[in-house]
Amino acid sequence: MNYIHHMNEFYARAYADDRLHITHFGLYVALFQFWNLNRFQDPIKVNREELMRLCCMGSKNTYSKCMKELHQWGYIDYRPSFNPMVGSEVHLHKFETGSGTGGETGSGTTNGQLVGPYIKHNKQYKHIKQGNENFKNYDEPL
């Protein structure tokens with residue numbers, strides 16, 4: 001598991017996904033941290049209170065809604081336990097290995113696309129947002 005590749009791919013996908021809000025980002029990053037602390041065990045057991053505290057979320061309804069949406073949108077597989085003594089199970093898709101909707105196919109590429117530096121006001125994401133797989137010029141204005 002490459003931490004940096006996975007998070008870069010998540011941010012690239014999230015940038016192209018207009019459905020995600022800051023609550024989804026916070027929850028996903030908290031889930032990723034739990035996954036990392038559990039040495040990328042699959043699936044991980046999570047505790048709602050710990051996750052909500054880590055992602056600074058105050059509403060159980062928002063937590064449940066975001067978990068369900070991340071599941072529906074293909075970022076995670078979520079199996080709630082409905083038992084406070086047993087944690088819910090979460091599986092995070094391994095983006096850089098080809099599961100989900102994209103994956104690393106070679107050095108510096110993702111699904112055959114050139115991946116540029118993560119600078120210059122998110123211009124590297126233009127090819128994802130507009131569907132241009134041959135995007136090469138990072139200095140073009142958005």
Side-chain angles (χ1 to χ4, degrees), residues 1-138 140 142:
M1 166 56 57
N2 186 313
Y3 185 101
I4 295 170
H5 286 271
H6 182 89
M7 290 308 292
N8 284 344
E9 182 64 21
F10 168 71
Y11 284 118
R13 290 163 187 251
Y15 181 79
D17 191 342
D18 294 332
R19 301 169 296 186
L20 294 178
H21 297 282
I22 191 67
T23 51
H24 296 101
F25 277 89
L27 184 55
Y28 187 86
V29 171
L31 286 167
F32 186 84
Q33 181 63 16
F34 272 49
W35 194 32
N36 184 21
L37 291 173
N38 285 285
R39 300 177 190 236
F40 303 103
Q41 160 188 323
D42 185 30
I44 56 172
K45 295 265 188 187
V46 296
N47 176 283
R48 181 184 64 208
E49 286 77 23
E50 290 178 9
L51 275 175
M52 287 177 61
R53 183 171 182 203
L54 185 59
C55 68
C56 302
M57 190 178 290
S59 168
K60 292 177 186 176
N61 289 336
T62 301
Y63 170 85
S64 295
K65 178 181 179 249
C66 288
M67 286 293 272
K68 289 174 186 175
E69 289 174 342
L70 287 172
H71 174 79
Q72 290 170 350
W73 300 336
Y75 291 92
I76 64 172
D77 285 329
Y78 172 54
R79 291 182 292 268
S81 70
F82 303 109
N83 182 342
M85 302 306 289
V86 179
S88 297
E89 289 185 353
V90 177
H91 164 77
L92 280 78
H93 297 283
K94 296 176 184 169
F95 297 134
E96 92 286 352
T97 59
S99 64
T101 58
E104 187 172 319
T105 58
S107 178
T109 65
T110 302
N111 287 344
Q113 297 176 348
L114 292 175
V115 178
Y118 286 81
I119 55 174
K120 295 189 178 185
H121 308 290
N122 296 324
K123 291 178 183 174
Q124 75 281 0
Y125 296 130
K126 181 178 178 183
H127 66 288
I128 296 169
K129 192 75 169 177
Q130 296 179 348
N132 180 359
E133 293 188 9
N134 297 319
F135 181 73
K136 294 178 184 161
N137 185 357
Y138 294 104
E140 272 185 37
L142 293 174

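Here the structure is a predicted model, which is why all the values come from computation and not from measurement.
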**Study point:** Sequence-distant partners of T62, side chain to side chain donor-acceptor pair (under 3.5 Å), two or more places apart
**Key:** S59

Exercise for review: Would you name the heavy atoms of C55 and L27 that are closest together and state the gap between them?
Suggested key: CB-N, 3.9 Å

Practice item. State plainly whether the residues K45 and E89 are in salt-bridge range, i.e. N to O under 4.0 Å. Key: yes

Practice item. Using modelled atom types only, decide if a donor and an acceptor are shared between the side chain of W35 and the backbone of I44 within a distance under 3.5 Å. Key: no

Point to revise | Verdict with reasoning, L31 to I76, per side-chain contact (heavy atoms from CB on, under 4.5 Å) | key: CA-CA 9 Å; L31 286 167; I76 64 172; 4.1 Å; yes

Check your understanding: Distance-only, no hydrogens or angles: does the N47 side chain make a donor-acceptor pair with backbone N or O of E50 under 3.5 Å?
Key -> yes

Check your understanding: Between H91 and H93, what is the ring plane arrangement, given parallel below 30°, perpendicular above 60°, and tilted in between?
Key -> perpendicular

Review point. Between atom CD of Q41 and atom CZ of F34, what is the distance when rounded to the nearest 0.5 Å?
Key: 12.5 Å

Practice item. Please report the C-alpha distance between F40 and K94 in whole Å, then the side-chain angles of each, then the deciding distance to 0.1 Å, and finally whether the side-chain contact (heavy atoms from CB on, under 4.5 Å) criterion is met. Key: CA-CA 10 Å; F40 303 103; K94 296 176 184 169; 5.7 Å; no

Practice item. To the nearest 0.5 Å, tell me how far K65 NZ sits from E69 CD. Key: 4.0 Å

Exercise for review: Take H71 and M67, measure what side-chain contact (heavy atoms from CB on, under 4.5 Å) needs, and give me the verdict at the end.
Suggested key: CA-CA 6 Å; H71 174 79; M67 286 293 272; over 6 Å; no

Revision key, fill the gap. Paired with H6, the ring pair (Phe, Tyr, Trp, His ring centres under 6.0 Å) test is passed by just one of Y75, F32, Y11, namely F32

Check your understanding: Salt-bridged, E49 to R53, with N to O below 4.0 Å?
Key -> no

Review point. Between S88 and V46, is there a donor-acceptor pair closer than 3.5 Å when you use the side chain of the first and the backbone of the second?
Key: no

**Study point:** L70 vs Y78 side-chain heavy atoms within contact, under 4.5 Å
**Key:** no

Point to revise | N/O donor-acceptor pair under 3.5 Å between D17 side chain and R19 backbone | key: yes

Practice item. Can you see which heavy atom on C66 is nearest to which on T23, and at what distance? Key: SG-OG1, 3.3 Å

Review point. With a 4.5 Å heavy-atom cut-off, do Y15 and F10 have their side chains touching?
Key: no

Check your understanding: Below 4.5 Å, heavy atoms only, C-beta onward: do Y28 and L92 meet side chain to side chain?
Key -> yes

Exercise for review: Look at atom CD1 of I4 and say whether more than 12 heavy atoms of other residues, nucleotides or ligands are closer to it than 6.0 Å.
Suggested key: no

